[in-house]
Amino acid sequence: MGVVTDIRSRERSAKLAAGVSCERAGRSGKRNVSLFWRIFSLNAAGLVVATALLLGPVTVSTPVLAGEALVLLAGLAALLVGNAVVLRIGLTPLHRLGRAMSTADLLVPGTRPEVSGPAEAAQLIATYNTMLDRLQAERTAGAGRALQAQERERHRIARELHDEVGQTLTAVLLQLKRVADRVPGELREEVTLAQEATRAGLDEIRRIARRLRPGVLEELGLASALRSLAAEFTHHGLTVQHHIPGDLPPLAPEDELVLYRVAQEGLTNTARHASAARAALTLRPLPDGAGVELLVRDDGTGLGTAVEGTGIRGMRERALLIGAEIHFEPAPGGGTDVRLRVPAPPPGDRPADRTGDSP
């Protein structure tokens, strides 16, 4: 998984460099007068006209006649309007850049401000776009490393829970069973209650271990893992229906892991915060083999105006890691839709194409 992430990071950096080169080439092929020369040219033109009038036959009477005052006011108005137009044209791209900077979010990829306007403004906007692309690429690479470390830690904790705590509780349960056969009748009920509490704790440890490390995903595949996840959340008044076909297109292992984690987090939010009675988990292939789409829909209270928590931001980071699109929208009839679109991996990166690499 780490190798694939590094390859994608290098591909993203190469595309970024190519985009910057094309952008610079486009700017160099089009003449763009700087804001300084625009204002200087307009002021110079006004001063030249004023000098020509002073040196020419045109005179101003004392006191100033009405016609002469009208001509002077018209010239002043024309000069002011020209300055205003030049400044408006020159500063509009900067205002647009300011709005883009105030709404930029690296977790929500959006459109970049258009590179336009005078040379200084165009260069500033292009530099900002390049900086934003670089920051987004670096954040994606950093998020990939953090998520990989998180998955390794999940596996370690799940293994320790299963091997250490699980075995200890199993031994305690067996010991209680032997004790229950020997205790007097008046104490047998208490020992039975201790057995039930130990058995419930053991089941909870196993459930936590399964959630930390989805072994069914590695052993049986994504479709079976999502069906098992839907069955796990069908409890305490929440009914989860699943629509998962068996003929899914081939996906990279990190893509399957992100799909599983997003589905898990979406159902967790539904169970904890949505006050929903029904939820649906749908996975379908996109047309023309473009990838797959995961949809987690509930009939709960919806997102409303609540601030995004760590769960939603974690889903956004996972989506960015594999180049997927994730959207949180109101569901038809109320509730929330979590929609994740994962693009198909390149032909050389598909699981079927990597089988020959194994000895």
Side-chain angles (χ1 to χ4, degrees), residues 103 105-111 143 147 150 154 204 207-208 210-212 214 216-217 221-249 251 254-287 290-344:
T103 58
D105 187 353
L106 296 180
L107 289 180
V108 185
T111 58
L147 291 176
Q150 184 184 62
R154 282 172 177 261
E204 182 67 15
R207 187 185 67 83
I208 294 174
R210 285 197 303 269
R211 295 195 65 186
L212 287 173
V216 66
L217 178 62
L222 179 63
S224 298
L226 291 179
R227 295 190 188 103
S228 175
L229 188 65
E232 178 183 346
F233 277 90
T234 302
H235 65 289
H236 300 301
L238 178 64
T239 302
V240 181
Q241 299 178 344
H242 60 79
H243 307 280
I244 304 169
D247 53 345
L248 294 172
L251 295 170
E254 61 270 19
D255 295 344
E256 294 185 348
L257 181 60
V258 169
L259 284 165
Y260 180 85
R261 290 302 187 194
V262 169
Q264 185 182 52
E265 185 64 33
L267 291 177
T268 300
N269 290 341
T270 298
R272 290 180 179 177
H273 311 296
S275 301
R278 298 170 61 87
L281 181 63
T282 305
L283 183 67
R284 67 180 185 89
L286 294 174
V292 298
E293 180 185 69
L294 174 72
L295 175 63
V296 181
R297 172 175 292 175
D298 64 68
D299 61 352
T301 57
L303 293 174
T305 58
V307 180
E308 291 188 359
T310 55
I312 293 181
R313 298 190 71 84
M315 286 190 279
R316 291 192 186 277
E317 288 182 350
R318 291 182 182 275
L320 283 176
L321 175 62
I322 60 173
E325 297 181 4
I326 188 167
H327 303 279
F328 303 91
E329 306 164 345
T336 305
D337 278 357
V338 179
R339 195 180 301 271
L340 176 69
R341 291 188 177 95
V342 179

So Thr270 and Leu238, side chain to side chain contact (heavy atoms under 4.5 Å, CB included) or not? Walk me through it. CA-CA 9 Å; Thr270 298; Leu238 178 64; 4.2 Å; yes

Atom OG1 in Thr234, atom CD in Gln241: separation rounded to 0.5 Å? 9.0 Å

If only atom types and distance count, is the side chain of Ser228 paired as donor or acceptor with the main-chain N or O of Ser224 below 3.5 Å? no

Rounded to the nearest 0.5 Å, how far apart are OH of Tyr260 and CG of Leu222? 10.0 Å

Can you tell me how far the CG atom of Leu248 sits from the CD atom of Glu256, to the nearest 0.5 Å? 8.5 Å

Interatomic spacing from CD in Gln264 to CG in Leu257 - rounded to 0.5 Å: 9.5 Å

Using every non-hydrogen atom in the two residues, find where Glu265 and Gly311 come nearest and quote the distance to one decimal. OE2-CA, 3.5 Å

Under the side chain to side chain contact (heavy atoms under 4.5 Å, CB included) criterion, do Met315 and Asn269 qualify, and how do the steps go? CA-CA 12 Å; Met315 286 190 279; Asn269 290 341; 3.9 Å; yes

Out of curiosity, Arg261 CZ to Thr268 OG1, how far, rounded to the nearest 0.5 Å? 10.0 Å

With Leu283, which of Leu226, Leu295, Val296 fulfils side-chain contact (heavy atoms from CB on, under 4.5 Å)? Leu226

Could you measure the distance from the CG atom of Leu267 to the CZ atom of Arg272? Nearest 0.5 Å is fine. 12.0 Å

Ignoring hydrogens and angles, tell me if any N or O in the side chain of Asp298 forms a donor-acceptor pair with the backbone of Ala280 under 3.5 Å. no

Nearest heavy-atom contact between Gly291 and Pro249 is O-CG, 4.0 Å

Please determine whether the number of non-hydrogen atoms from other residues, nucleotides or ligands lying under 6.0 Å from atom CZ of Arg227 exceeds 12. yes

Review item, side-chain donor-acceptor pairs of residues 334-343, under 3.5 Å, at least two apart:
unit_1	atom_1	unit_2	atom_2	d
Asp337	OD1	Arg297	NE	2.8
Asp337	OD2	Arg297	NE	3.3
Asp337	OD2	Arg297	NH2	2.9
Arg339	NH1	Glu293	OE1	3.4
Arg341	NE	Glu293	OE2	2.9
Arg341	NH2	Glu293	OE2	3.0

